[in-house]
Amino acid sequence: MFTAVVAFMGLLAIVAWVVVAWASHRRQPWLLAPLSGLAVVLVGLGRPGWALLPIIALAAGSFAELVIGSREAPTLRTKDTDAPLSTERWAAAVAAPFRVALAEPWDVVARPQLRRRYRKVFELEWGVTDRESLLTTVDRLWNELHTGRSTDLLVDLRTGTARSRDPEGGGPGQSIVLTTGQAQRMRAVIGADESAETIVIGAYQWWKSAHLVRLACGGATLDWLSPVETQGLLRRVASDLQRRYGSWDQLAAAFHAGYLLWQGGGSEDAGSDRVWTAMGLLTTDPASPWNLLPWDMPLERVTTGEKTEARP
């Protein structure tokens with residue numbers, strides 16, 4: 001009887017471990033494989049008491065992966081490093097900081113493992129809870145980008161302050177105080193030398209296109225957008241951005257500026273902000289799509305006025 005109970009416990013522990021290891025997409029949990037084998041051997045030899053030790057260790061390791069794995073540091077990952085160039089891959093790179101922050105592959109559009117997270121984040125940030133609210137938000141963001149004024153960000157490196165400026169003399173803009181690390185990052189992204197006291201990032205508001213990519217990927221993941229709708233939206237964003245900026249460096253500068261204003265300056269410790277850390281990786285890592293993908297690669301043309309159509 002005791003052997004049967006231990007065998008059942010072992011089966012549950014092994015199944016839980018396999019599920020957790022597969023879902024984590026990390027190598028570390030698979031290192032627990034010898035424990036599962038040892039448990040099976042001990043039960044088979046009629047040593048259920050000894051088999052409890054590897055079973056308990058396997059269960060504890062699986063639980064630890066659930067806790068620690070979700071807190072993995074931002075990591076640059078890709079599903080297929082040799083994938084051919086495509087408009088969808090190029091567009092996915094635009095919003096790569098949000099995937100790199102989660103240590104998830106940046107080049108996967110529909111990611112079932114992120115369904116729960118997309119639901120939570122979409123509702124919290126955008127009030128998006130279903131297909132209709134998603135389409136409404138996409139239309140609103142698209143219209144804001146194409147009807148709003150072009151805005152620059154002026155960064156005073158002497159005082160560590162940044163403020164938005166309307167070149168056409170509009171109303172007062174936003175203003176934030178940067179940490180030393182944030183100011184240094186902005187100098188590096190722009191490529192300003194040590195003697196520069198002020199830098200200007202033009203039309204930074206177009207960084208919000210990354211949110212459109214997030215909404216497209218989330219919509220595909222949650223089955224709120226069809227593959228055709230998802231590809232159409234990604235292609236519209238890619239074509240639009242390629243006309244607005246001249247390089248990944250310009251997009252990176254706008255992304256840094258826009259993200260800081262969006263977050264109100266973020267944490268005092270820039271390293272504790274996962275997206276901020278991810279942007280640093282994408283800017284400096286040679287394997288980053290921002291350093292590998294050609295900015296001016298041919299993109300499939302999409303009419304900018306095209307709407308995301310509802311499925312029948």
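Residue indices begin at 1 and follow the sequence shown. Below, each value reflects all heavy atoms present in this structure, side chains not excepted, and no hydrogens, waters or symmetry copies.
- A heavy-atom distance below 4.5 Å is found between the side chains of Val275 and Pro97.
- Between Trp106 and Arg89, some side-chain heavy-atom pair lies under the 4.5 Å cut-off.
- Counting heavy-atom neighbours within 6.0 Å of Trp295 CH2, excluding the residue itself, gives a total above 12.
- Other residues, nucleotides and ligands contribute over 12 non-hydrogen atoms within 6.0 Å of the CZ atom of Arg244.
- To the nearest 0.5 Å, the span separating CG on Leu58 from CG on Leu32 amounts to 6.0 Å.
- Checked for salt-bridge contact, Arg236 and Asp240 miss the test: no charged N lies under 4.0 Å from a carboxylate O.
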#### Entry: side-chain contact (heavy atoms from CB on, under 4.5 Å) assessment of Tyr259 paired with Asp273
CA-CA 11 Å; Tyr259 183 76; Asp273 188 313; 3.1 Å; yes
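- Contact detail for Met297 and Gln242: the closest heavy-atom pair is O-NE2, 3.0 Å.
- Under the 4.0 Å criterion applied to side-chain N and carboxylate O atoms, Arg119 and Glu123 are not assigned as salt-bridge partners.
- Remark: Met186 CE to His256 NE2 distance equals 7.0 Å, nearest 0.5 Å.
- A donor atom on one side chain and an acceptor atom on the other are found under 3.5 Å apart for Asp130 and Ser133.
- Between the Thr75 side chain and the Ala103 main chain, no donor and acceptor come within less than 3.5 Å of each other.
- Shortest non-hydrogen contact noted between Gln250 and Tyr245 is OE1-CA, 3.5 Å.
- Ring planes of Trp248 and Trp290: parallel class, angle under 30° (limits at 30 and 60°).
- In this structure, Arg163 places its CZ atom where only 12 or fewer heavy-atom neighbours from other residues, nucleotides or ligands lie under 6.0 Å away.
- In this structure a side-chain-to-backbone donor-acceptor pair under 3.5 Å is present from Arg185 to Trp276.
- A salt bridge links Arg158 to Glu197: one of the charged nitrogens lies within less than 4.0 Å of a carboxylate oxygen.
- Checked options Thr87, Val109, Leu212; the residue passing with Leu234 is Val109 (criterion: side-chain contact (heavy atoms from CB on, under 4.5 Å)).
- Under a 4.0 Å N-O distance rule, the pair Asp107/Lys79 does not qualify as a salt bridge.
- When hydrophobic clusters are built by joining Ile, Leu, Val, Met, Phe, Trp and Tyr residues whose side-chain heavy atoms come closer than 4.5 Å, directly or via intermediates, Leu233 is grouped together with Leu145.
- The nearest pair of heavy atoms linking Ala216 to Thr230 is O-CG2, 3.8 Å.
- Of the possible polar contacts, one joining the Asp152 side chain to the Ala203 backbone as a donor-acceptor pair under 3.5 Å is found.
- Closest non-hydrogen pair, Ala93 versus Pro289, comes out as CB-CB, 3.8 Å.
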### Query
Checking side-chain contact (heavy atoms from CB on, under 4.5 Å) for the pair Leu157/Val155: CA distance, chi angles, key distance, verdict?
CA-CA 6 Å; Leu157 297 172; Val155 182; 3.9 Å; yes
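- Between the CH2 atom of Trp142 and the CG atom of Asp139 there is a distance of 10.0 Å, given to the nearest 0.5 Å.
- Taking 4.5 Å as the limit, every side-chain heavy atom of Trp50 sits out of range of all side-chain heavy atoms of Leu45.
- Placement of Leu281 and Val108 in two distinct hydrophobic clusters is found when ILVMFWY residues are connected by side-chain heavy-atom separations under 4.5 Å, directly or transitively.
- Both Leu134 and Trp126 belong to a single network of hydrophobic side chains, linked directly or stepwise wherever heavy atoms of I, L, V, M, F, W or Y lie under 4.5 Å apart.
- Atom CZ of Phe8 sits in a sparse spot, with 12 or fewer heavy atoms from other residues, nucleotides or ligands closer than 6.0 Å.
- Rounding to the nearest 0.5 angstrom, the gap separating the OH atom in Tyr118 from the CD atom in Gln113 is 11.0 Å.
- Hydrophobic clustering places Val43 together with Met9 (ILVMFWY residues linked when any side-chain heavy atoms are closer than 4.5 Å, directly or through intermediates).
- When side chains are defined from C-beta on, Pro294 counts as touching Leu85, because their heavy atoms get closer than 4.5 Å.
- Under the 4.5 Å side-chain heavy-atom criterion for Ile, Leu, Val, Met, Phe, Trp and Tyr, Leu260 and Trp262 are members of the same hydrophobic cluster.
- Electrostatic pairing of Glu125 and Arg214 counts as a salt bridge here, judged by a charged N lying under 4.0 Å from a carboxylate O.
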### Task
Might you work through the side-chain contact (heavy atoms from CB on, under 4.5 Å) test for Thr283 and Phe255, ending with a clear yes or no?
CA-CA 11 Å; Thr283 302; Phe255 207 124; over 6 Å; no
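- The aromatic rings of Phe98 and His211 sit tilted relative to each other, their planes meeting at an angle between 30° and 60°.
- A distance of 10.0 Å separates CG in Leu215 from CG in Leu135, rounded to the nearest 0.5 Å.
- Minimum interatomic distance between Val6 and Ala51 (heavy atoms only, all atoms of both residues): CG1-CB, 4.1 Å.
- Other residues, nucleotides and ligands place more than 12 heavy atoms under 6.0 Å from the CZ atom of Arg140.
- Looking at every heavy atom in both residues, Arg99 comes nearest to Cys217 through NH2-CB, 4.1 Å.
- Expressed to the nearest 0.5 Å, how far CG of Leu11 lies from CD1 of Ile55 amounts to 9.5 Å.
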### Query
Could you walk me through whether Thr137 and Phe122 pass the side-chain contact (heavy atoms from CB on, under 4.5 Å) check?
CA-CA 10 Å; Thr137 300; Phe122 278 12; over 6 Å; no
